[in-house]
Amino acid sequence: MEQNPDFIFACSQAQQLEWVKSHYPGLHARLQEFACRGQFVPVGGTWVEMDGNLPSGEAMVRQFLQGQSFFLQEFGKMCSEFWLPDTFGYSAQLPQIMRGCGIRHFLTQKLSWNLVNSFPHHTFFWEGLDGSRVLAHFPPGDSYGMQGSAEEVLKTVVKNRDKGRSNHSAFLFGFGDGGGGPTQTMVDRLKRLHNTDGLPRSALALQQPLDLTVPWPAALLSAQTFGPAPLRDLASLQSRTIGSSQLPPWGWGGGGKAARGKGLKSTGDRTLLVCPQVALRGQGAFWRVQLSSPGRLFSALESSSGQLCTWVGELFLELHNGTYTTHAQIKKGNRECERILHDVELLSSLAVARSAPFLYPAAQLQHLWRLLLLNQFHDVVTGSCIQLVAEEAMCHYEDIRSHGNTLLSAAAAALCAGEPGPEGLLIVNTLPWKRTEVLALPRPGGAHSLALVTVPSMGYAPAPAPTSLQPLQTQQPVFVVQETDGSVTLDNGIIRVRLDPTGCLTSLVLVASGREAIAEGTVGNQFVLFDDVPLYWDAWDVMDYHLETRKPVLGQAGTLAVGTEGGLRGSAWFLLQISPNSRLSQEVVLDIGCPYVRFHTEVHWHEAHKFLKVEFPARVRSPQATYEVQFGHLQRPTHHNTSWDWARFEVWAHRWIDLSEHGFGLALLNDCKYGASVRGNVLSLSLLRAPKAPDTTADMGRHEFTYALMPHKGSFQDAGVIRAAYSLNFPLLALPASGPAPAASWSAFSVSSPAVVLETVKQAETSRQGRTLVLRLYEAHGSHVDCWLHTSLPVQEAVLCDLLEQRDPAGDLPLQDSRLKLTFSPFQVRSLLLLLQPPPN
């Protein structure tokens, strides 16, 4: 930048700049100076270039909240473009999240890596799950690490799939993968392009239009008029004279007219050139190649966006499907820490409202969130990292767990203050609906006892005394029967589960209707092993041909035994030898009143290039299955009609997937898995992989996880699948109180509609006297709905805000009898600011 005043360096990832600020404050100050001059341009708006699939919706919001806040504080402005060039797919909810965080533009190039289908656009509008749209640009050079060669520049011009609709494009150059940026050699090479026959002319030196009777840009002409030709074959075209009737059809406009091209630039931690539309002056034409800025690039793209196409839904990368499963411990740590931070923020917010002396732990929470966001980088949470990074990530997760649990205890103690009760134990429900569940309560001496507890929405209840009578009369207890053949039946009056002597699921019946959920002649809970030898990158990829190596893992009869004998809970357990080196143990659990059966699983895994899944063939027929994503869900085909369908042989989901026909369905829930598929009528959950590069130890060792199966009448929305998956992932908390616990139950928030989820309660980033809360809700069913938000907190004022917590000037909400009326469209995310009344003296 010092040696090239016209050179602009764009840098993504606030985390990198925060490290620079901490370790090299002098360099950080110089970067701020260059930012003021417009030569150093922060881009992206996020804390890191995170994965676009696996982080929760709230975590994605926090990426932007932390990133945009940092850029505003340190460089005086927020980013208007989302810069994510190397991530392994992009969630359908990203457009809405972007727009809510002040982002209108999106740049990546990763879909050029598709293994099966070529993505049809380079510049287009991307429409998300709720209808939000952003302007997206994929540099036609299909790389973020180009070096300014003639071949790369020509490719950028020739390969643009939206010529005529948009004639500006980006050229990303520099050492981008791993950092380093551009070199002086690259900059010099690009400047020399202006004086090279057969190439686009550089705007840095080009003063006059190119006359069409002088030597023509041969590679460009040959590619468009004569078909592709290697550079060695272009000499014969160098002196060809053409007329206006022979102009290539792309982007030149009718009658030999076209808009004047404007060179533009942009990058992440890379640098970028832009090759705009050919500009004609009479009989002359030229391409302009210019160092510029991201803002000017997207301004030019917007100015000619009237004819752009629109892509609706997710941007699915047809490669790197293994990243949904690799390094299962990292993925489990990510899901657990997302839950812990959710719970800490909620309880701390309630403690602020209920206890005047309590101080919200804002600084500690920011530190913990930034640790979590760092490890959502697209080569960490995906598992495609080296061993050292994986070990560091696990240490970070342990820090979040440890400090998070300390903060939970502090908030619980504040909630208990001044509320004497019978026992120093608080049962907390951090979800926005009332729950009645079986909970293992700690007792003196380290023992646990089961209790059926009812806790109001986002509130607490006192723990039942050990001798208190459980209200069994309103619900059928769980019955457990072991037959003479060794099979076991579990029945709670809602569902009836039958396991064969090896632990496979032979029957799952919805008792009220008698409807069988398992396909005839098959078994569920079938573990299957695949050979997993990808073509390219071990940790990243799983290929479609792995499906041809399917091998069921057969159990041994007689290993199934009854665990808990019934009443509040019934269970059975078994052992399974997966291979000579790996084994599995599992407890199948059914609780009173619970609509799903849980499979608590422990695996000792020592394999090489193997893939473990579990399958459930359903007595359901549907051409599409539903998968949970951030703040909503989407459908994907269960068939392989087209190459686009086949390329989705392994997909990602969050807490649940569902296969339904009219009137009945089967949902598969999980507490820490992301890879899944539904082929035909078989629901499959991906459990463990065994890649050997870049980390030879990836996934080796002991694993614990839980999945659950829920048959249901009607649609998954009406049956409560979404709530069931939340309950599996957010268990009731039994928190020790420093003194007596409250004697009565209490609820802070509830929502009148089951279609609306109150996802987050936290203190505002800039909170007036620490008394301003942020609530984030979303519509989860895919419907238009009006609902009431009830609160028992002393709310003084309520107003809508964006995802960056900036007030909506027209967003005031009237409070009516401690209720707020809210309106949602399908999958809409809404945020509120609640100003609490001052605490009493």
Side-chain angles (χ1 to χ4, degrees), residues 51 54 88 113 115 317-334 375 378-394 397 502-503 525-556 574-586 599 601-615 649-652 670 672-677 679 684-705 707:
D51 181 66
L54 307 187
F88 314 144
W113 289 47
L115 200 58
L317 178 65
E318 298 172 358
L319 192 67
H320 295 353
N321 316 61
T323 59
Y324 316 147
T325 305
T326 302
H327 261 305
Q329 294 287 24
I330 290 179
K331 290 169 172 61
K332 181 177 182 178
N334 176 73
N375 289 287
H378 63 267
D379 273 320
V380 180
V381 71
T382 56
S384 51
C385 53
I386 62 174
Q387 181 179 352
L388 179 63
V389 171
E391 292 171 351
E392 189 173 77
M394 297 307 297
Y397 292 141
T502 69
N525 200 36
Q526 175 66 67
F527 293 95
V528 287
L529 205 59
F530 299 85
D531 293 337
D532 185 13
V533 185
L535 283 176
Y536 304 113
W537 301 280
D538 258 23
W540 287 262
D541 295 337
V542 58
M543 315 310 294
D544 56 356
Y545 55 73
H546 86 281
L547 297 171
E548 301 172 7
T549 67
R550 178 183 180 275
K551 180 183 178 182
V553 181
L554 302 178
Q556 183 177 353
F574 64 92
L575 303 174
L576 181 65
Q577 194 70 35
I578 300 171
S579 76
N581 300 316
S582 301
R583 67 184 188 275
L584 174 152
S585 64
Q586 188 174 77
F599 300 82
T601 312
E602 178 182 330
V603 181
H604 293 264
W605 182 247
H606 301 280
E607 300 294 329
H609 294 113
K610 297 293 182 181
F611 198 165
L612 180 67
K613 304 183 185 183
V614 64
E615 295 178 346
F649 62 88
E650 176 79 4
V651 298
W652 62 273
N670 75 85
C672 63
K673 299 300 176 184
Y674 295 91
S677 65
R679 299 179 65 203
S684 176
L685 187 66
S686 299
L687 303 178
L688 294 168
R689 296 186 68 223
K692 297 304 173 186
D695 179 3
T696 59
T697 68
D699 282 318
M700 296 300 98
R702 180 177 175 274
H703 299 265
E704 282 190 66
F705 49 85
Y707 53 88

Of the non-hydrogen atoms in [X] and [Y], which two are nearest, and what is the gap between them?
X: Leu685; Y: Gly675; value: CD1-O, 3.6 Å
X: Pro694; Y: Trp540; value: CD-CZ3, 3.7 Å
X: Gln577; Y: Ser579; value: NE2-O, 2.7 Å
X: Leu529; Y: Trp605; value: CD1-CH2, 3.7 Å
X: Cys672; Y: Phe705; value: SG-CB, 3.5 Å
X: Pro691; Y: Asp699; value: CD-OD2, 4.3 Å

Straight-line distance of [X] [atom1] to [Y] [atom2], nearest 0.5 Å:
X: Ser585; Y: Glu704; atom1: OG; atom2: CD; answer: 8.5 Å
X: Thr325; Y: Phe611; atom1: OG1; atom2: CZ; answer: 4.0 Å
X: Asp379; Y: Ser384; atom1: CG; atom2: OG; answer: 3.5 Å
X: Ile386; Y: Asp695; atom1: CD1; atom2: CG; answer: 8.5 Å
X: Arg702; Y: Glu602; atom1: CZ; atom2: CD; answer: 4.0 Å
X: Leu576; Y: Gln556; atom1: CG; atom2: CD; answer: 10.0 Å

Between the side chain of [X] and the main-chain N/O of [Y], is any donor-acceptor distance below 3.5 Å?
X: Gln526; Y: Val553; value: yes
X: Lys331; Y: Thr382; value: yes
X: Lys332; Y: His703; value: no

Heavy atoms, side chains only, cut-off 4.5 Å: are [X] and [Y] in contact?
X: Ser684; Y: Val528; result: no
X: Tyr397; Y: Ile330; result: yes
X: Leu547; Y: Arg679; result: yes
X: Thr502; Y: Leu554; result: no
X: Trp652; Y: Ser686; result: no
X: Met700; Y: Lys692; result: yes
X: Leu687; Y: Phe527; result: yes
X: Val603; Y: Ile578; result: yes

Could you walk me through whether Trp537 and Thr323 pass the side-chain contact (heavy atoms from CB on, under 4.5 Å) check? CA-CA 11 Å; Trp537 301 280; Thr323 59; over 6 Å; no
Looking just at side-chain N and O atoms, do Gln586 and Thr601 make a donor-acceptor pair shorter than 3.5 Å? yes
Does Tyr536, at its OH atom, have more than 12 non-hydrogen atoms belonging to other residues, nucleotides or ligands within less than 6.0 Å? no
Step-by-step side-chain contact (heavy atoms from CB on, under 4.5 Å) determination, Tyr707 to Lys673: CA-CA 9 Å; Tyr707 53 88; Lys673 299 300 176 184; over 6 Å; no
Take Asn334 and Tyr674, measure what side chain to side chain donor-acceptor pair (under 3.5 Å) needs, and give me the verdict at the end. CA-CA 11 Å; Asn334 176 73; Tyr674 295 91; 3.3 Å; yes
Residue pairs fulfilling salt bridge (Lys or Arg N to Asp or Glu O under 4.0 Å) with at least one residue in residues 526-545, sequence neighbours excluded: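 Every pair satisfying salt bridge (Lys or Arg N to Asp or Glu O under 4.0 Å) with a residue in residues 526-545: Asp531-Lys610, Asp532-Arg689.
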Going by side chain to side chain contact (heavy atoms under 4.5 Å, CB included), Met543 matches just one of Val533, Leu115, Asn321. Which one?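 Per the side chain to side chain contact (heavy atoms under 4.5 Å, CB included) rule, the option paired with Met543 is Leu115, out of Val533, Leu115, Asn321.
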Sorted by chain and residue number, the ring pair (Phe, Tyr, Trp, His ring centres under 6.0 Å) partners of His327 (sequence neighbours excluded) come out as none
Aromatic ring pairing Phe88/His320, orientation class (parallel under 30°, perpendicular over 60°, tilted between):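 Phe88 vs His320 ring planes: perpendicular.
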Give a yes/no verdict on a cation-pi contact between Lys613 and Phe530, requiring under 6.0 Å between NZ or CZ and the six-membered ring centre and an angle within 45° of the axis. yes
